[in-house]
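First comes the structure, then the notes that go with it.
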Amino acid sequence: MRILVTGGAGFIGSHLCERLLNEGNEVICLDNFFTGRKANVAHLFDDRNFELVRHDVTEPILLEVDQIYNLACPASPIHYQFNPVKTVKTSVMGMINMLGMAKRVKARILQASTSEVYGDPLIHPQTEDYWGNVNPIGPRSCYDEGKRVAETLMMDYHRQNGVDTRIVRIFNTYGERMMEDDGRVVSNFVVQALRGGPLTIYGDGSQTRSFCYVSDLVDGIIRLMNTEAEDIHLPVNIGNPGEFTMNELAEEVGKATGKQIEIKHLPLPQDDPKQRKPNIERAQKLLGWEPKVNLAEGLKKTVDYFAESIGERVLQKPAR
Ligand code: NAD
Ligand code: UDP
């Protein structure tokens, strides 16, 4: 198949491009390099089934493809809040442009949605039928509401135009090729620990997240794209249900790096969700999917990657 991956030079997108090529597909990777970089896909340049296009999804583009994975959108709060109006445009105009393409060429399209559509959730763990608790006017709204409108557009193009759609709600995912200045918690903690600095915990560190290793996530979204079922157009959570406080994550990063960890507390950002954990029964039932890599294993791989990419030495022997 010929497959378009928007945001393909980003963290998750680069792993997805690699997997799709390995499975024998032609891949067009489209990116404006806001938070992605050529280096993430440079190892694919020699593959004649791979093409890289510099393009912004807020502008229309004509391509002929069989499937579209729409991942274009900055995902880290510091980056999506840098230019919030652009973030909304990317989710909304980008989605319309990609859905227009899907409709024109009859391609199947998958939207990378997010656990952020649940906002600061009042039910725990989160099931797909929960409508969420999102602040529509806060500093996170450009991302949360943008993604919610993107889901609306997916469902309306499906109902109105018969477009073959898939929506994945991705929970916090981490791994190799996150940028060292990405700003999300796993890359921050790992880079800070490797550099021997204090780990910046926002607030008292009691807030929770559930961390999914990138290979598990990519496996889940490829399965979703290629599964047929009556209600397959409705959203599916993909994430690892293992739930950790940020204090526990800091300890895990200490173990994975073998470094003595110091903590520096910084203010909790406004509207930071207090808890988050996916209910993955729908993914298990529909896709036969569940995560295989636990946090300790995934962190180890992530630490090895950052140790090499930022040129720091990792102690072999744990400090405690
Ligand atoms: P990322 O920031 O590494 O990747 C996003 C990519 O999109 C980057 O390569 C960026 O340059 C590109 N991009 C941004 N705006 C664009 C535009 N207007 N036109 C073209 N390209 C554009 O983030 P990621 O973690 O790889 O996330 C990928 C997708 O998955 C995003 O849509 C994100 O919202 C979603 N997601 C990620 C997570 C996670 O934990 N990693 C969680 C939920 C949802
Ligand atoms: N966080 C933290 N220190 C950091 C970065 C983030 O304590 O250096 C916290 C943040 O406040 C949030 C959690 O870690 O409670 C996850 O943040 P991230 O930005 O990775 O993802 P999101 O909030 O979008 O789930």
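One-based numbering, in listed order, for ligands and for the atoms of each. These numbers come from the heavy atoms of this one structure, side chains and all, not from hydrogens, waters or symmetry mates.
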On the 0 to 90° scale, with breaks at 30° and 60°, tag the Y118-Y130 ring pair as parallel, tilted or perpendicular. parallel
Looking only at protein heavy atoms, identify the closest one to atom 11 (O) of ligand 2 and say how far it is in Å. D272 OD2, 2.7 Å
Looking at G10, which atoms of ligand 1 are within less than 4.0 Å of one of its heavy atoms? 3 (O), 4 (O), 8 (C), 9 (O)
Looking at G36, which atoms of ligand 1 are within less than 4.0 Å of one of its heavy atoms? 8 (C), 9 (O), 10 (C), 11 (O)
Salt-bridge criterion met for K300 and E297 (N-O under 4.0 Å): no
Applying a strict 4.0 Å limit to heavy atoms, is S113 in contact with ligand 1? yes
Output the list of atoms in ligand 1 that are nearer than 4.0 Å to some heavy atom of N172, sorted by atom number. 40 (O)
F82 atom CZ: more than 12 heavy-atom contacts under 6.0 Å: no
Take L299 and V253 through the side chain to side chain contact (heavy atoms under 4.5 Å, CB included) test and state the conclusion after the steps. CA-CA 7 Å; L299 278 181; V253 168; 4.2 Å; yes
In terms of residue, atom name and distance, what is the protein heavy atom nearest to atom 13 (C) of ligand 2? M246 SD, 3.7 Å
Considering heavy atoms of the protein only, find what lies nearest to atom 22 (P) of ligand 2 and give residue, atom and distance to 0.1 Å. R140 NH2, 3.5 Å
Counting only heavy atoms not in E281, do more than 12 sit closer than 6.0 Å to its CD atom? no
If you have a sec, work out which protein heavy atom is nearest atom 25 (O) of ligand 2 and how many Å separate them, to one decimal? R276 NH1, 2.6 Å
Is there a nitrogen or oxygen of K147 sitting under 3.5 Å from a nitrogen or oxygen of ligand 1? yes
Compute the minimum heavy-atom distance from S76 to ligand 2 and say whether it is under 4.0 Å. no
Can we say D272 and R209 salt-bridge, meaning some charged N sits less than 4.0 Å from an Asp/Glu carboxylate O? yes
Using a strict cut-off of less than 4.0 Å between a Lys/Arg side-chain nitrogen and an Asp/Glu carboxylate oxygen, indicate whether R148 and E151 qualify as a salt bridge. no
Applying a 4.0 Å heavy-atom criterion (strictly less than), which segment of R184 is in contact with ligand 2: side chain, backbone, both, or neither? both
Charged N-O contact under 4.0 Å between K147 and E116: no
Between the side chains of R19 and D219, is the shortest nitrogen-to-carboxylate-oxygen separation below 4.0 Å, so that they form an ion pair? yes
Would you say T58 and ligand 1 have an N/O pair spaced under 3.5 Å apart? no
Report yes or no: does a heavy atom of Q192 sit under 4.0 Å from some atom of ligand 2? no
Counting only heavy atoms, which portion of N172 has something under 4.0 Å from ligand 2: side chain, backbone, both, or neither? side chain
Can you find a heavy atom in the side chain of K277 that is under 4.5 Å from one in the side chain of T208? no
Among all protein heavy atoms in this structure, tell me which lies nearest to atom 7 (O) of ligand 2, with the distance rounded to 0.1 Å. Y202 N, 2.8 Å
Once you restrict to heavy atoms under 4.0 Å, what part of T200 touches ligand 2? Side chain, backbone, both or neither. both
If you compare T35, L217, V185 by their heavy atoms, the one closest to atom 2 (O) of ligand 1 turns out to be T35
Per-atom filter on ligand 1: closer than 4.0 angstrom to a heavy atom of R184 are 23 (O), 24 (P), 25 (O), 39 (C), 40 (O), 41 (N)
Give the contacting part of V185 toward ligand 2: side chain, backbone, both or neither, where contact means a heavy-atom distance below 4.0 Å. both
Enclosure of N22 CG (heavy-atom neighbours >12, cutoff 6.0 Å): yes
So is G94 close enough to ligand 1, meaning a heavy atom under 4.0 angstrom away? no
Return a yes/no value for D56: is any of its N or O atoms, backbone included, closer than 3.5 angstrom to an N or O of ligand 1? yes
With a 4.0 Å cut-off on heavy atoms, is D31 touching ligand 1? yes
Quick one: are Q275 and E243 in side-chain contact, heavy atoms under 4.5 Å? yes
Give a yes/no on ligand 1: does M179 have at least one heavy atom closer than 4.0 angstrom to it? no
Proximal atoms of ligand 1 relative to F33 (non-hydrogen, under 4.0 Å): 11 (O)
Considering the heavy atoms of G7, write down every atom of ligand 1 situated less than 4.0 Å from one of them. 6 (C), 7 (O), 9 (O), 12 (C)
Counting each atom of ligand 1 from 1 as listed, which ones have a heavy atom of Y143 under 4.0 Å away? 33 (C), 34 (O), 36 (N), 43 (C), 44 (C)
At less than 4.0 angstrom from any non-hydrogen atom of H55, what atoms of ligand 1 do you find? 19 (N), 20 (C)
Side chain or backbone of K274 under 4.0 Å from ligand 2, or both, or neither, by non-hydrogen atoms? neither
